[in-house]
A.B. asks: 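One structure is given below, represented as structure tokens, and several questions about it will come after.
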Amino acid sequence: MTKNNFSLVLTSNKKSFFLKDKNLLLGHWCLQGNDEFLKKIDFTISDFETRYETEDLNHYKENQKIYEELLKDTIKNLSSFYNVSWDTKCWALFIGPWISRYVFLITNRYLSLKYVYENYKIEKISLVENQDFSLITKDLVDFKLKSNDDEWNLKLSSFIWCKYIDPNKKIKRIYVQQEKIRKLQIKESNVKKIPSLSIFVRKFLKVIESWVCKKNRLLFYRSYFADKPLLIKTNFKLQNVPFIYDFDYKIDEVKNLNNLRKSEFNSNISTEIGKILVENFFNFLPTYYLESFSEIKYKFHNLLLPSRPKTVLSSNAIWRDNIFKFWLVQNISSGGRLFTFQHGCNFGTTRISPIEDFEIKLSDKFLTWGWDNNKKRNVKKFFIIKNMKKKLNTSNSKKILLTISSTYNYITGEGTGEIFSRRTKLYQDILYDMINKFPIKFKKYLFIRGNYLGEKLRNSQVTINLKYKFNDSNFQNYRKTFFNSIKDFGLIINSSESTTFLESMSLNKPTISYLDDEIYYNHFRPEALEVYEKLKRVGIVHTNINSLTNFLEKINFNYNAWWSQNETVKAKEMFINSYCRPPKNFVENLKMVIS
């Protein structure tokens, strides 16, 4: 235990800090937007994150065990309420993604608070009063977004601290004012009916759909095709008639909570963290899985949806809670299949990828961008389809585009490819250092492509901070698609192991990936590391700023000459074939996969 006396701060909200005390920040997320303010106070940051990362694989395995047990218990506790004929796979498709994230999030927040309680001498803490059911979210997406929100995390950490870390109030509590929230009541609610005319129109369209689409065997949903005309054309080539369905029909806002939330969640899980997860299951379960369920079933029977079991091809089938997701599960329960296209996320390269593991496990076939997995027979080599039919002309421009990755302010997942909290701060500092040390003659040709929308959703400010610090630099119009963004540039520099790197490589655009050792020292799987080392030898990958700047000086704007050298070509073609293969004979190959 440390000798200093600390006052514990849980979030970046300034009202949580202690101006005259030595502040202990629970995590690097507390730094967000407080650069000037923190210069005036005394603080240190808990080293929990660093210690947690050294045991990340063990934590992931333990969380997976808890997830499997909690999924079984969820089926037992909700089966009579749901009244559906689903097997375990269908339940996992429907509610599994949320359970997995719930297990990680509560475990992570509990362990971080327990760690500071046991390893630092804390005198007082800033909290908010707990209100029953105030942490309930709408659905999986909302749960993930809230897990990056300061107010929500302050409520969450306050709740865990008061109930499980220091229930006897040994440490002084300083309560701060919180935002007013609309409190939901336990009260019976009726499903709002769809207007009769709307139902009649949909029944008429259903007759047309049944005739027009009677031979359809496939259904594409959020498949990340390059564009809609190409998707329509592909459907017809596959003798499949595309049709517009009510998959994203609005689910009404919940105004009252179901009485089941006051019930006990029955489980035999006996671990310390497992008991916390069980005890609070109904305190966190999003309304999509409970209050909205009757509405979803009603709309399933009255909206325009496909009726026959089909093979669904999607890149995002299980991560959005909507009408489609319920239809998908019903379709699979009736004999349909799910084929998932890879959609980035460091698949096939990073050590721990919960999204990859989930999609492979729940898909009949998982179609990668070029890599395979000998241990999982449903993983099949396929193609990157985001830029299908798109080609770039060779550019002789001296301009360089630096792409900024998606980052999270809070720790929200277990993937070693994600940049969050401590890594986000480290990533930002690395970008500062890179731009400061960028060779002068190249600097005027440097443009920065920020990630404004992603950062806004994830409560991160990397691009905003870059614009503030380097206000004389060129920042690209973020509304442009990535494909249109890179047309006029001679060189692309990706600042992380991201999807944009794979996209630009597949388009054969002169590309560099800057993977700083401080972030990526323990990132890759052995088979991927071997390939990346070969890229490093020809200058496509760099792991420190001096290597990058020296290489830029060496090639001296001759991007295309370097890109066409024999050694460079060999290395990039090996990589492209393994991780971002451009489509060849796409329709014929897809027919073989789905047969």
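Computed from a predicted structure; not experimentally measured. Just so you know, residue 1 is the first one in the sequence shown, and it goes up from there.
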A.B. asks: Is the closest basic N to carboxylate O distance between Lys361 and Glu68 below 4.0 Å?
C.D. replies: yes

A.B. asks: Is the ring centre of Tyr115 less than 6.0 Å from the ring centre of Phe48?
C.D. replies: yes

A.B. asks: Considering only heavy atoms from C-beta outward, does the side chain of Leu502 approach that of Phe347 to under 4.5 Å?
C.D. replies: no

A.B. asks: If we only count heavy atoms from C-beta on, is the Ile540 to Phe501 side-chain gap below 4.5 Å?
C.D. replies: yes

A.B. asks: Would Lys20 and Asp42 count as a salt bridge (charged side-chain N to carboxylate O under 4.0 Å, His left out) if you check the C-alpha gap in whole Å, the side-chain angles of each, and the deciding distance to 0.1 Å?
C.D. replies: CA-CA 8 Å; Lys20 297 180 181 180; Asp42 190 7; over 6 Å; no

A.B. asks: For Lys275, does the NZ atom have more than 12 heavy-atom neighbours from other residues, nucleotides or ligands under 6.0 Å away?
C.D. replies: no

A.B. asks: Tell me whether Arg261 forms a cation-pi arrangement with Phe282, defined as NZ or CZ under 6.0 Å from the six-membered ring centre and within 45 degrees of its axis.
C.D. replies: no

A.B. asks: Can you list the residues that meet the side-chain contact (heavy atoms from CB on, under 4.5 Å) rule with Glu533, with sequence neighbours excluded?
C.D. replies: Leu529, Lys536, Arg537

A.B. asks: Evaluate the criterion salt bridge (charged side-chain N to carboxylate O under 4.0 Å, His left out) for residue pair Glu553 and Lys441; output intermediate values, then yes/no.
C.D. replies: CA-CA 9 Å; Glu553 294 278 12; Lys441 69 177 181 179; 3.7 Å; yes

A.B. asks: Any side-chain heavy atom of Phe524 within less than 4.5 Å of one from Arg351?
C.D. replies: no

A.B. asks: For Tyr432, does the six-membered ring have the charged nitrogen or CZ of Lys469 within the cation-pi criterion, i.e. under 6.0 angstrom from the centroid and within 45° of the normal?
C.D. replies: yes

A.B. asks: If I compare all heavy atoms of Ile45 with all of Leu24, which pair ends up nearest, and what's the gap?
C.D. replies: C-CD1, 4.2 Å

A.B. asks: When the ring centroid of Trp319 is compared with that of Phe358, is the distance short of 6.0 Å?
C.D. replies: yes

A.B. asks: Do you see a donor-acceptor pair shorter than 3.5 Å between the side chains of Tyr60 and Asn58?
C.D. replies: no

A.B. asks: Is any side-chain heavy atom of Arg449 closer than 4.5 Å to one of Phe482?
C.D. replies: yes

A.B. asks: What is the distance from atom CD1 of Ile512 to atom CG of Leu535, rounded to the nearest 0.5 Å?
C.D. replies: 11.5 Å

A.B. asks: State plainly whether the residues Glu253 and Lys138 are in salt-bridge range, i.e. N to O under 4.0 Å.
C.D. replies: no

A.B. asks: For this output row, return yes or no: ring centroids of Trp98 and Phe104 closer than 6.0 angstrom.
C.D. replies: no

A.B. asks: When you measure from the centre of the six-membered ring of Phe447, is the NZ or CZ of Lys399 under 6.0 Å away and within 45° of the axis?
C.D. replies: yes

A.B. asks: Is the shortest side-chain N to carboxylate O distance from Glu418 to Arg423 below 4.0 Å?
C.D. replies: no

A.B. asks: Taking the six-membered ring where the residue is Trp, are the ring centres of Phe551 and Tyr514 under 6.0 Å apart?
C.D. replies: no

A.B. asks: Please name the residue in the list Asn522, Thr350, Asn346 that meets the side chain to side chain contact (heavy atoms under 4.5 Å, CB included) test with Thr416.
C.D. replies: Thr350

A.B. asks: Considering only heavy atoms from C-beta outward, does the side chain of Leu127 approach that of Trp161 to under 4.5 Å?
C.D. replies: yes

A.B. asks: Is it possible for you to check whether Lys22 lies under 6.0 Å from the centre of the six-membered ring of Phe6, through NZ or CZ, and within 45° of that ring's axis?
C.D. replies: no

A.B. asks: For a side-chain hydrogen bond (donor to acceptor under 3.5 Å, both in side chains) with Thr349, tell me which candidate from Glu497, Arg525, Glu527 qualifies.
C.D. replies: Glu497

A.B. asks: Going by heavy atoms in the side chains, are Tyr102 and Leu285 under 4.5 Å from each other?
C.D. replies: no

A.B. asks: Considering only heavy atoms from C-beta outward, does the side chain of Lys114 approach that of Ile165 to under 4.5 Å?
C.D. replies: yes

A.B. asks: Could you check whether the rings of Tyr579 and Phe575 sit parallel, tilted or perpendicular, using 30° and 60° as the cut-offs?
C.D. replies: tilted

A.B. asks: Considering residues at least two apart in sequence or located in another chain, which fulfil the side-chain contact (heavy atoms from CB on, under 4.5 Å) criterion with Asp132?
C.D. replies: Asn130

A.B. asks: For the pair Glu503 and Lys509, find out whether any cationic side-chain nitrogen is under 4.0 Å from an anionic carboxylate oxygen.
C.D. replies: no

A.B. asks: Hey, does Tyr117 have a side-chain heavy atom less than 4.5 Å from the side chain of Leu8?
C.D. replies: no

